[in-house]
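Remember, predicted model here, so these are calculated numbers, not experimental data.
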Amino acid sequence: MSRAQNTKRRVIACGVLEPYLALLAREHDLCIDATALDAGLHARPNELRALLQEEIDRATPQAGYDAVVLLYGLCGRGTANLVAREAPVVIPRAHDCISLFLGSTEEYGRQFSRHPGTFYHSLGWIEKKTNPRDRKA
């Protein structure tokens with residue numbers, strides 16, 4: 001078996017990405033060890049950070065994981081100052097999930113420049129019945 005086949009990564013995602021993870025797993029016949037956290041945690045970045053750190057700390061080599069993949073952006077600074085204690089942590093360089101949906105932070109910047117004030121809703125936001133407009137700063 002190749003190294004790639006032996007690797008086990010823990011995926012921790014925002015709940016708004018859950019439908020896409022499920023689709024990806026189905027379409028590519030993948031076994032993804034993933035947890036989707038409540039999308040409403042964006043409104044509580046300190047709580048989000050604490051929960052993410054707990055999940056990261058549980059995903060150790062002793063538990064069988066080679067790395068942790070976070071499907072979050074900076075998300076109201078909810079991912080700031082997270083620590084990779086035992087397994088490496090991979091996180092996109094993105095302000096929030098909209099950069100991920102648009103493909104890059106550069107594309108997000110282009111769209112924002114062309115259409116400032118646009119408010120995005122993804123399928124995940126709608127399915128989770130979490131309205132980002134209700135977010136408390």
Practice prompt. Answer yes or no: is there a donor N or O on one side and an acceptor on the other, between the side chain of Glu86 and the main chain of Pro61, under 3.5 Å?
Written response: no

Fill in: Those residues that, when tested against Phe101, pass ring pair (Phe, Tyr, Trp, His ring centres under 6.0 Å) (two or more places apart)
Tyr20

Worksheet item: Is there a chain of hydrophobic side chains (I, L, V, M, F, W, Y, each step under 4.5 Å between heavy atoms) that links Leu71 to Leu102?
Response: yes

Fill in: Sequence neighbours excluded, every pair satisfying salt bridge (charged side-chain N to carboxylate O under 4.0 Å, His left out) that has a member inside residues 108-119
Glu107-Arg110

Worksheet, complete the sentence: Closest non-hydrogen contact found for Thr105 with Ala94 is CG2-CA, 3.5 Å

Response to the item:
Contacts satisfying side-chain hydrogen bond (donor to acceptor under 3.5 Å, both in side chains) that involve residues 93-104 (not counting sequence neighbours) are Ser104-Glu106

Discussion item. Walk me through whether Tyr108 and Ile98 qualify under side chain to side chain contact (heavy atoms under 4.5 Å, CB included).
Written reply: CA-CA 7 Å; Tyr108 179 89; Ile98 300 307; 3.6 Å; yes

Worksheet entry | Electrostatic pair Asp33-Arg9, nearest N-O below 4.0 angstrom | no

Worksheet entry | Heavy-atom pair with the smallest gap, counting every atom of Ala84 and Ala87 | CB-O, 3.4 Å

Worksheet, complete the sentence: When every non-hydrogen atom of Ala13 is compared with those of Leu17, the smallest separation belongs to CB-CB, 4.4 Å

Worksheet item: If you look at every heavy atom in Arg77 and Arg49, which pair is closest and at what distance?
Response: O-NH2, 2.5 Å

Practice prompt. Apply ring pair (Phe, Tyr, Trp, His ring centres under 6.0 Å) to Tyr65 and list each qualifying residue two or more places apart in sequence or on a separate chain.
Written response: none

Worksheet item: So, Asp66 side chain and Lys8 main chain: donor-acceptor pair closer than 3.5 Å or not?
Response: yes

Worksheet item: What residues form a salt bridge (charged side-chain N to carboxylate O under 4.0 Å, His left out) with Glu47, not counting sequence neighbours?
Response: Arg44

Worksheet entry | Whether Arg58 side chain and Ala63 backbone form a donor-acceptor pair below 3.5 Å | no

Worksheet item: Sub-3.5 Å donor-acceptor pair from the side chain of Thr79 to the main-chain atoms of Gly73, do we have one?
Response: yes

Practice prompt. Specify the closest pair of heavy atoms between Pro19 and Gly15, including all atoms of both residues, with the distance to one decimal.
Written response: CD-O, 3.9 Å

Practice prompt. Take Val83 and Gln53 through the test side chain to side chain contact (heavy atoms under 4.5 Å, CB included) and record every step on the way to the result.
Written response: CA-CA 7 Å; Val83 177; Gln53 190 65 62; 3.9 Å; yes

Discussion item. For residues Val69 and Leu100: do they belong to one hydrophobic cluster (side chain heavy atoms under 4.5 Å, members Ile, Leu, Val, Met, Phe, Trp, Tyr)?
Written reply: yes

Worksheet item: With a cutoff of under 4.5 Å between side-chain heavy atoms, which Ile, Leu, Val, Met, Phe, Trp and Tyr residues group with Leu41?
Response: Ile12, Leu37, Leu48, Leu51, Leu52, Ile56, Val68, Leu70, Tyr72, Leu82, Val89, Ile91

Discussion item. Let me check something: do Leu23 and Val16 share a hydrophobic cluster, defined by ILVMFWY side-chain heavy atoms less than 4.5 Å apart, either directly or through other members?
Written reply: no

Discussion item. Between Arg10 and Thr35, is there a side-chain donor-acceptor contact under 3.5 Å, judged purely by atom types and distance?
Written reply: yes

